*Asks:* 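Before I ask anything, let me first share the structure, which is written out below as structure tokens.
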Amino acid sequence: QEQLVESGGGLVQAGDSLRLSCKYSDPSLDDYSMGWFRQAPGKERTFVAALTFSGRTTYYSDAVRGRFTISRDNNINMVYLQMNSLKPDDTAIYYCAAGRNKFTLRLTQNKGDFGSWGPGTQVTVSS
């Protein structure tokens, strides 16, 4: 059984919005930072956004800052990525990931600092 499952991807036009969701099955992940990464065809998986276990602190890549918003609801074990003003360059498979360290306040872009990953959801933005 997968611990993390993403949903909400799809095909949209440039300028549109999408909200991705990530459901985690292990309630203990309430105590861990969570992040979103993406991987475009033929490219490496890259950091998109992350937030602390409380959700009070967030961190974004330069490519999405000001357009995307990460949030979480620990009451229902969900993490979200609201994506606005989408561009064709945002086309990728989006992955949800859980941090390795409990209660850490340090957010990172490093994939190695995330230990559990979902299978991903495809986002395609047409021009």
Side-chain angles (χ1 to χ4, degrees):
Q1 181 182 359
E2 291 171 330
Q3 279 200 319
L4 306 173
V5 179
E6 304 91 340
S7 62
L11 171 63
V12 297
Q13 293 188 329
D16 285 350
S17 298
L18 269 180
R19 188 177 82 155
L20 303 183
S21 299
C22 172
K23 175 73 174 177
Y24 51 93
S25 58
D26 182 356
S28 72
L29 292 182
D30 289 352
D31 300 335
Y32 292 78
S33 61
M34 298 292 291
W36 287 95
F37 289 75
R38 65 187 182 186
Q39 187 167 15
K43 296 188 177 180
E44 289 189 0
R45 192 171 301 189
T46 59
F47 171 79
V48 175
L51 79 174
T52 52
F53 63 95
S54 66
R56 293 194 190 100
T57 302
T58 57
Y59 180 39
Y60 297 94
S61 69
D62 290 343
V64 307
R65 187 177 296 114
R67 298 188 298 123
F68 291 11
T69 302
I70 187 172
S71 62
R72 68 190 300 166
D73 186 342
N74 288 348
N75 292 320
I76 56 173
N77 301 349
M78 294 290 291
V79 180
Y80 303 101
L81 185 68
Q82 178 66 43
M83 305 186 296
N84 298 331
S85 303
L86 282 161
K87 306 174 183 180
D89 284 350
D90 295 319
T91 294
I93 299 173
Y94 283 72
Y95 298 90
C96 177
R100 291 185 184 276
N101 300 309
K102 195 172 183 178
F103 297 135
T104 184
L105 297 179
R106 184 179 72 90
L107 295 175
T108 171
Q109 297 191 9
N110 185 0
K111 293 189 292 292
D113 289 329
F114 293 84
S116 298
W117 295 81
T121 185
Q122 176 71 48
V123 172
T124 303
V125 185
S126 64
S127 58

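What you see is a predicted model, and the numbers here were worked out from it, not measured in a lab.
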*Asks:* Going by the rule side-chain contact (heavy atoms from CB on, under 4.5 Å), which residues pair with R65 if we only count those two or more places apart in sequence or in a different chain?
*Replies:* Y60, D62
*Asks:* Rounded to the nearest 0.5 Å, what separation is found between the CG atom of L11 and the CD atom of Q122?
*Replies:* 9.5 Å
*Asks:* Could you pull out the closest heavy-atom pair between I76 and K23, with the gap in Å?
*Replies:* O-NZ, 2.7 Å
*Asks:* Between CG of N77 and CG of L4, what distance do you get to the nearest 0.5 Å?
*Replies:* 10.5 Å
*Asks:* Where is the tightest heavy-atom contact between L29 and A98, given as atom of each residue plus distance?
*Replies:* CD2-CB, 3.9 Å
*Asks:* Checking E6 side chain against C22 main chain: does a donor-acceptor pair fall under 3.5 Å?
*Replies:* no
*Asks:* In chain order, what residues pass the salt bridge (Lys or Arg N to Asp or Glu O under 4.0 Å) check against R45, with sequence neighbours excluded?
*Replies:* none
*Asks:* If every non-hydrogen atom of D113 is compared with every non-hydrogen atom of R106, which pair is closest and at what distance?
*Replies:* OD2-NH2, 3.7 Å
*Asks:* So, using ring pair (Phe, Tyr, Trp, His ring centres under 6.0 Å) as the criterion, who are the partners of Y32 when residues are at least two apart?
*Replies:* none
*Asks:* Test S7 against T121 for side-chain contact (heavy atoms from CB on, under 4.5 Å), laying out the working first.
*Replies:* CA-CA 6 Å; S7 62; T121 185; 5.7 Å; no
*Asks:* Check L107 against T57 and note the closest heavy-atom contact, atom names and distance.
*Replies:* CD1-O, 3.5 Å
*Asks:* Could you name each residue pair satisfying ring-ring contact (aromatic ring centres under 6.0 Å, His included) that touches residues 106-126, not counting sequence neighbours?
*Replies:* F37-F114, F37-W117
*Asks:* Does D31 have any salt bridge (Lys or Arg N to Asp or Glu O under 4.0 Å) partners at least two apart in sequence or in another chain, and if so, which?
*Replies:* K102
*Asks:* Is it the case that one hydrophobic cluster holds both V64 and V12, taking links as side-chain heavy atoms less than 4.5 Å apart, direct or via other members?
*Replies:* yes
*Asks:* Check whether K111 reaches the backbone of F47 with its side chain - one donor and one acceptor, N or O, closer than 3.5 Å.
*Replies:* no
*Asks:* With rounding to the nearest 0.5 Å, note down the distance linking CZ in R72 to OG in S21.
*Replies:* 13.5 Å
*Asks:* Atom CG in L81, atom CG in L20: separation rounded to 0.5 Å?
*Replies:* 5.0 Å
*Asks:* Among residues two or more places apart or on two chains, list those pairs meeting ring-ring contact (aromatic ring centres under 6.0 Å, His included) that have a residue in residues 66-112.
*Replies:* F53-F103
